[in-house]
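First the proteins, then the strands, lettered A, B, ... as listed; each starts at 1.
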Amino acid sequence: MLIYTLKRLLAGVITVWFIATATFIAMHQVPGDPLMNDKAVTPEIRRNLERKYGLDKSVPEQYFIFMGNMLKGDFGISFTQQNRKVNDIIRDHFPVSATLGVLAIFFATVGGILWGALTAIYRNRLPDIIIMFLVILGISVPSFVFAALGQLLLVNINSLVGASIIPVAGWGTVSHMIMPSLVLGLGTMALLTRLMRSSMLEVVNEDYIKTARAKGLSPIRIFFRHQLRNAVLPVITVLGPQIAAITTGGFVVELVFAIPGLGRYFVQAVQQLDYTVIMGTTVFYGAFLVLMVIIVDIFYGFVDPRVRLK
Amino acid sequence: MRQFLFAAWVCFAHSATAQVTATSVDFDNQIITIALTQEPPQLNSMKATDQVSNFVLPHVMEGLLRYDRRGNVVPGVAERWEMDANGATFWLRDNALWTDGKAVTAHDFVFAWQNALAPQTASEYAFILYPIKNGEQINTGSLDPTKLSAHALDDLTLRIEFERPTGYFLKLAAFTTYLPVREDFFRDRNDQYAADVGDLLYNGPFKLTEWVHSASLKMVKNESYWDKDKITLNEIHAAYITEDSRARLNLFVDGKIVHTRLDGETYKDALTQRFRIRSFNTGSVFFLEYNHRPGRPTDNINLRKAIQHVFDPDEFVNKVLATPGNLRGESIFPVWLRGVERKFRQEYPAPKVELNLELGKQYLEKARLELGVEKIPALVLLVGNTPTAAKQAEYIQGLLKARLNIDIKIDIQTFKQRLAKMTSGDFDIVGAGWGPDFDDVMTFGDLFASWNLNNRGRYSNPEYDRLVRVAMNSIDAKIRMDAMAGLQQIIIDDAVVLPQYEQGVIYLMNPKLRGVVRRVVGPDPDYTYARVVK
Amino acid sequence: MNTQTFIPSPDDFQPAASLVSVEQISRPSLSYWQDAWLRLKKNTRAIISLYIIIGLALFTLAGPYVWMVDPALQDLNQISQTPSFPKTAILVASYQRWSGVVFDDFPAEPEEFLDVIPPPDNLRVDDVATTQRVRLVWDPVVGAGGYNIYRNQRLPESINDLGLPLGSALAGNEVSYEDRLNLEARQYYYAIVSTDGFDESDSYSLLAVTPQLTVTLDEAARRGLVDGDSGTKAGHEIKLEFHPLGTDYLGRDMLARLMQGARVSLFIGIVAPFLYVMFGIFYGGVAGYFGQRLDVLLMRFADFVVALPFLLFIILFKIGFGIGPGESGITPMLIALVLLGWPATARLVRGQVLQIREQGYIEAARLLGAKSHYLIIRHIIPNTMGVILVTLTFAVPAAIFTEAFLSFIGMGVAPPTPSWGSMCNEGVKTMLSHPHELIFPATLISITVLAFNLLGDGLTEALDSKMRSRE
C-alpha cells in the first residue's frame with residue numbers, strides 16, 4: 001500500500017512536470033503578451049518592461065529559469081497584480097475556493113446519493129420522473145442563470161423580512177457560503193443523481209443482493225450495507241476530478257457572489273496572458289487534481305475490496 | 001433544492017418593492033459602503049494605469065493640485081503657483097503631512113517623477129511626464145534621472161522647466177503619475193512598495209487601513225490631512241469586488257452599497273424597483289477605426305466615405321446601445337472639452353455628415369473602380385470578446401450588408417489577442433474607444449498623428465501632423481483651438497475613423513449620500529467631499 | 001451373482017440417434033444486440049424519445065423551408081418583442097432632424113437664482129408622437145437655467161421615480177426635447193424638471209404619451225413591406241413582419257434563429273459527446289482491463305489532459321487550425337471538444353471496468369477461453385453501459401454550452417450564425433425584462449437533453465442482461 005502510494009506520487013510529480021511544460025509552451029505560442037495594454041507604449045518603455053520581467057530572454061532560457069524557480073517553490077510575481085507574488089495569490093485565495101468547493105461537493109454528494117437512491121427505489125414512478133425533469137432542467141440551463149436567480153432569491157427574502165438576514169454577496173461567515181455553494185454544486189448534484197440511479201439499478205439484481213435478501217436481512221440493512229456501498233463506486237470515480245474542477249472552476253459563482261476565490265484569477269490570468277499566474281495556478285491546480293485522483297483511487301480499494309491496486 | 005429555488009423565484013421575482021433598511025450608509029458614523037469592479041492591480045502611483053487604482057489613489061493621496069466639485073483645478077499640496085511658457089513654480093503649503101507625521105516636500109515630487117521616468121521602473125504612463133524638460137530622454141535611457149528639470153529650490157518650492165510650452169500643465173499636475181512619493185520610505189520598502197496598506201504612505205483626505213485582496217478595501221479619514229475639516233465621511237468601505245452588474249444591482253437593492261452603474265441589461269430591472277436613475281457622461285469617445293496601411297481596402301477613401309454616409313449614429317445610439325446618456329458620435333472631440341471660452345464643440349461645431357444611401361452607393365462604386373474589383377472584398381471587423389462589442393459588430397455587419405452589400409467578417413478575439421492584432425495591423429476595421437488622460441483637447445487631438453502609437457490604423461497625413469504641432473507648440477488658446485478645429489474637419493472629410501458615440505452611463509446612487517462628484521478626468525466617482533444625510 | 005461379463009463391441013460406441021424434436025429452436029436465435037434492439041422497441045421511454053428526436057430533426061431540417069425568414073435580418077422597429085400576433089404600423093415620411101424650439105427673447109441663464117423654480121407649464125407633444133420620435137415642447141420657466149427630461153413606463157409615484165434620465169436642455173430658453181430612445185408603441189410618462197443650471201428643483205410636470213407604431217417609407221420599401229405604388233403614401237397602414245416567437249436584441253426573428261441555431265447545437269451536442277464518449281470507452285476500457293503499467297501510463301495521461309488550461313489551448317487550437325476571421329470553425333471545435341473532453345468518460349469507464357473484471361462471470365468466461373476483446377465487448381462494456389449512457393446524456397448540454405463559449409471567444413460559429421447556446425447566453429442578460437429570449441433556447445436544449453435521457457434509460461434497460469429475467 002505504501003509502495004503503491006509512493007509510486008503514484010512519483011508518477012504524479014512527473015505528470016505535473018508535463019503539465020507545466022505543455023502550458024509553458026502553449027502560453028508562449030499564443031499571440032500577445034502580458035505587457036500589452038489598451039494604451040500603446042513606446043518601444044523604449046516596452047524594452048524596459050521586458051527587461052524588468054525577464055521577457056527579453058529567449059523562451060528556452062525563460063523556461064529553465066521558471067523551472068528552477070518552481071523547484072524552489074517560487075512562481076514569481078504577477079503581471080496584472082504587480083507587487084503580488086503568485087504564491088501569495090494562491091495562498092490567499094485557494095482556501096476560499098476550497099471551502100466553497102468542499103461545501104458544494106458536500107451538497108452535491110449528499111443530494112446526489114439521496115435523490116439517486118430515491119429515483120432507483122421509485123423507478124419509473126412519479127418521484128423518479130419529477131427528479132429526472134429537475135435534473136434535466138438543472139443541466140440544460142446555464143449555471144449563470146442559477147447564480148443570478150439564487151442571488152435574486154436572497155434579495156427577495158431579505159426584502160420580505162425587511163432586514164438583511166442572509167448576505168446577498170461577499171465572503172466571511174457561514175451565511176455567505178450557503179447559496180454560492182448550493183449553486184456551485186448544482187451541476188455535480190444532477191450528474192451524481194443520474195449516476196447513482198443507474199448504478200443502483202445495476203446493483204439491485206446482483207447475486208449478492210439476492211443472497212442477502214434470501215438470508216432474510218432487513219431491507220434497510222441490504223440497502224445501506226450492500227446496495228449503496230456497491231453503487232457508490234462511479235460516484236467516487238467522478239468525485240476526484242469534480243472536486244478539483246469545482247474548487248478552481250467556480251468562476252461564475254465567485255463573480256456573481258463577489259467571492260475572493262482563486263477561480264477568478266485562474267480565468268482572468270488566461271485572458272490577460274499573465275504568464276506567472278497562469279503557470280502558478282495551472283501547476284497548483286494540476287498537482288491538486290493529481291492528488292485528488294490518487295486519493296480517490298486509494299479510496300476505491302476501501303469501498304470495494306475487489307478492486308485490487310497494484 | 002432546485003424545486004425550491006424555482007418555485008420561490010416565480011413567487012418573488014417581481015414582488016420586491018419593500019426596501020431593506022440600507023446598511024450602505026451610516027449617518028451617525030458617516031460611513032459608506034461601496035463595491036469595486038475589480039481589485040486595484042496597482043497602488044504604486046508611479047505605475048498605476050487602470051481605473052480602479054485611479055479611483056483609490058486620489059482618495060488617499062494628494063498631488064500639487066486637485067480637482068474641486070466643479071472640475072476646476074484647485075490648490076492641493078501646492079498653495080500657489082506661477083506658470084509661463086518656459087516653466088512653472090509651485091509653492092507648497094507647510095502643513096501638508098504624510099501619515100507618519102513628516103511634511104510633504106518638493107523633494108518628494110522630484111523623486112516620484114524621476115523614479116517614474118527611470119527606465120528600470122518601466123512605468124507605462126511615463127509619457128505623461130514628458131512635458132517636463134528632459135523627461136523623454138530620461139525615459140529612453142539617454143539621460144540620467146537626476147537631469148530632470150524639476151528641482152526643489154527648497155523644501156517648499158518646486159521649479160519645473162518645460163520641454164515645450166504646455167498650457168495644460170496644471171491639469172497634468174493633478175494626475176496620478178504626478179503624485180508625490182517619499183524617497184526614504186520607498187527605498188525602505190523597495191519591491192514591497194504599495195503592496196499592502198502598511199507599505200504605502202498617505203497624504204490624501206483618506207488613508208487605507210485594510211486591504212483584503214479581491215475581497216475588500218477600507219479607506220478611513222486621514223486626521224493629519226491639512227484640509228480635514230472639509231472632509232465629512234469617516235470611512236469608505238469597499239466591501240465587495242465584482243464585475244457582474246446584476247450582482248451589484250442586487251447588492252444595491254439589498255441596501256448594501258451606495259452606488260452601482262446600470263447597463264442595458266439591468267436598467268429595466270432598476271426601473272421596476274422605482275429607483276432614482278441618474279446619468280453621467282464618461283467623457284470617452286467610441287469609434288470604428290479603419291486600417292490605413294497600404295494594400296488594405298479601407299485605405300481607399302471612397303470606401304470609407306461610403307460607410308460614413310450610410311452609418312446612422314442616431315440609430316446606433318437609440319436602437320443598438322439603447323440606454324440613455326449616450327450621445328451620437330459626430331466628432332472625436334467630445335462635447336465636454338473646453339474651447340477658447342466656452343465648450344469646444346459649441347465654438348467649433350462638428351461638420352455635418354449627411355445620411356444618404358444614394359451618395360453612399362456612389363462612393364462605393366468609385367471605390368470599387370479604384371480598387372479594380374468586381375465586388376468589395378469582405379472586410380474584417382476586429383472586436384473584443386465582450387457581449388456589447390459582439391452585439392455592435394453584428395449590427396454593423398447587418399447594416400453594411402443591407403445598405404452597401406459589403407460583407408463583414410467579425411473577428412472576435414480575447415483581450416490580448418485583439419491587442420496583438422491591432423498592433424500588427426491584422427484587421428480592416430476595429431472597434432475602439434478613447435478616454436481622456438487629462439482635461440485638454442490634446443488628449444484626443446494627437447490621437448491620429450502619424451507618430452502616435454495609439455494610432456493603430458496608421459493614419460498618416462502631413463497636414464494633420466502639422467496642425468497637431470501647431471497646437472503643441474502654442475499656449476495661445478485661440479491658435480490651439482483653431483488647429484484642433486482643423487483636425488476635426490480632417491477626421492470627417494477624410495473619414496479617418498467612424499465616430500459612433502460618446503459614452504454616457506446611468507447609475508443608481510443612494511439618495512442619503514450627497515456631494516458625490518462624477519468626473520471625466522480624475523477619480524470617478526469622487527467621494528472626497530461626500531456626506532451622509534439623515 | 002451374475003458373472004456374465006460385458007465385452008464392448010465397436011457398435012456400442014455409435015452415437016445415439018439424436019432426438020431432433022427436443023432440441024428444435026422455436027424462435028430464431030437472437031444475438032445480444034438484436035435482443036437489445038427488440039426490447040428497446042418495446043420500451044415506452046425510448047419510443048417517446050424517438051418521437052422527440054424526429055420532431056427536433058423536422059424542426060431543424062424542414063423548419064427553414066416552412067418558415068422562410070432570414071435569421072440574420074435585423075428589424076430595428078421590433079427589438080426584443082415578446083411573442084405576439086402580427087402587428088400593423090403606419091407609414092411615415094423618413095426622419096428629418098429637428099432643430100427644436102428655442103426662445104430667443106427669453107434669457108438662457110436665469111437672471112436671478114430663485115429658491116423655488118416651478119416646473120414648466122403646458123408640456124405637450126409637437127406633431128404626432130410616433131415610434132420614430134416623440135417631440136416634447138413646453139413653456140419656458142422664469143428662473144430656469146435648464147431642464148431635465150425623464151421617461152417612465154409607469155405612472156411616477158414621486159420625484160424619485162421619474163424613470164430614465166433621457167437628457168437635459170442646457171438653457172432656460174431651450175424648451176424642447178426629442179426622444180428617439182428605443183421607442184415602443186406603449187404608454188410612456190414624460191416628466192420635465194426645471195433646473196437652475198446646476199441643481200434640480202423638486203417638482204415636475206408630467207405628460208402621458210402613447211407613440212404610434214410607425215415605419216418610415218424608406219424602411220418599408222427596403223424591407224419589401226410595400227409592393228408597387230399601392231399604399232406607399234405616408235399615413236397608410238401596413239402589416240409588419242410577423243414574429244411568432246418574438247425577436248431578439250437586434251429585432252431578428254427568434255423562430256428562424258432557433259431553427260438555424262439547432263443545426264449547430266444539435267450537431268455539436270450529439271456528435272461531440274458521441275465521439276469523445278466512444279473514445280473514452282475505448283481508452284478507459286483498455287486501461288481498466290489490461291491494468292498494470294498500461295493503466296498507469298494511460299491514466300496519468302488523462303490527468304495531464306484534464307489539468308491543461310482549457311481556454312489557453314483553445315486559443316492555440318484556433319491558431320493551429322488557421323481559422324480566419326468570420327470563418328466557421330466547426331470541425332476544429334469538434335476536434336478540440338473531443339481532445340479535451342474524453343478523459344472524464346475514460347476515467348469513469350476505467351473505474352467500472354476495474355470493478356467488473358473481478359466479477360465471477362468474467363473469471364468464468366476467461367476460464368472458458370474467452371479472448372480479451374470478446375470479454376470487453378460482450379461482458380464488460382454492456383455492464384458499464386448504464387454509467388456510460390449517463391455521461392453521454394450529460395455531455396450533450398455541456399457540449400452545447402461549450403460551443404457557445406467557444407463562439408463567444410471567436411472560435412466556433414461566426415456571427416450572425418446563431419446557436420442555442422449563444423442565444424441562451426444572450427438571453428441570460430435580459431432574463432428578467434425579456435425572458436422569452438432565454439426561455440425558448442433553454443427549452444429546446446432541455447427537450448434535447450430530455451430525449452437523450454429517455455433514450456439512455458430505454459437503452460440501459462434494453463441492454464441490461466440481468467433485467468431480461470424480470471420481463
With chain B as the partner, which of Gln268(A), Gln151(A), His93(A) has the greatest number of non-hydrogen pairs under 4.5 Å?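 Highest number of pairs under 4.5 Å: Gln151(A).
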
What closest approach, in Å, do [X] and [Y] show between heavy atoms, and which atom pair accounts for it?
| X | Y | answer |
| --- | --- | --- |
| Ala215(B) | Pro260(A) | CB-CG, 3.6 Å |
| Val256(A) | Asp244(B) | CG2-OD2, 3.7 Å |
| Asn37(A) | Arg456(B) | O-NH2, 3.6 Å |
| Arg264(A) | Thr242(B) | NH2-CA, 3.6 Å |
| Asn48(A) | Pro119(B) | CB-O, 3.0 Å |
| Arg246(B) | Ala148(A) | CD-CB, 4.0 Å |

Relative to chain A, which segment of [X] carries a heavy atom at a distance below 4.5 Å: side chain, backbone, both, or neither?
| X | value |
| --- | --- |
| Asp196(B) | neither |
| Lys47(B) | side chain |
| Ser123(B) | backbone |
| Glu39(B) | both |
| Tyr125(B) | side chain |
| Ala194(B) | both |
| Gln120(B) | backbone |
| Thr121(B) | backbone |
| Arg248(B) | neither |

A quick test of your reading: do over 12 heavy atoms of other residues, nucleotides or ligands sit less than 6.0 Å from [atom1] of [X]?
| X | atom1 | value |
| --- | --- | --- |
| Gln51(B) | CD | no |
| Phe133(A) | CZ | no |
| Tyr122(A) | OH | no |
| Lys85(A) | NZ | no |

What part of [X] is in contact with chain B, defined as an atom under 4.5 angstrom from a non-hydrogen atom: side chain, backbone, both or neither?
| X | answer |
| --- | --- |
| Gln272(A) | both |
| Phe144(A) | side chain |
| Tyr265(A) | side chain |
| Ser78(A) | neither |
| Arg51(A) | neither |

Hey, what do you get for [atom1] ([X]) to [atom2] ([Y]), rounding to the nearest 0.5 Å?
| X | Y | atom1 | atom2 | value |
| --- | --- | --- | --- | --- |
| Leu35(A) | Glu124(B) | CG | CD | 7.5 Å |
| Ile259(A) | Ser214(B) | CD1 | OG | 12.0 Å |
| Gln42(B) | Gln81(A) | CD | CD | 9.5 Å |
| Leu273(A) | Thr414(B) | CG | OG1 | 7.5 Å |

His213(B) vs Ile89(A), side chain to side chain contact (heavy atoms under 4.5 Å, CB included): CA-CA, chis, key distance, verdict: CA-CA 8 Å; His213(B) 289 290; Ile89(A) 291 180; over 6 Å; no

Between [options], the one whose heavy-atom pairs under 4.5 Å with chain A are most numerous:
| options | value |
| --- | --- |
| Leu453(B), Asp50(B), Asn44(B), Thr49(B) | Leu453(B) |
| Ala239(B), Ala420(B), Ala432(B) | Ala420(B) |
| Ile241(B), Leu43(B), Asn385(B) | Ile241(B) |

I'd like to know if the side chain of Gln417(B) reaches the main chain of Pro31(A), judged simply by a donor and an acceptor atom lying under 3.5 Å from each other, with no hydrogens or angles considered.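 Between the backbone of Pro31(A) and the side chain of Gln417(B) there is a qualifying donor-acceptor contact (under 3.5 Å).
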
Does Lys416(B) use its side chain to pair, donor to acceptor, with the backbone of Gln271(A) at less than 3.5 Å?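 Judged by distance alone, no pair lies under 3.5 Å.
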
Under the criterion side chain to side chain contact (heavy atoms under 4.5 Å, CB included), I'd like the reasoning laid out for Leu152(A) against Asn250(B): C-alpha separation, chi angles, the key distance, then a yes or no. CA-CA 7 Å; Leu152(A) 200 65; Asn250(B) 283 335; 3.5 Å; yes

Between Tyr240(B) and Val168(A), is the side chain to side chain contact (heavy atoms under 4.5 Å, CB included) condition met? List the steps. CA-CA 11 Å; Tyr240(B) 307 91; Val168(A) 169; over 6 Å; no

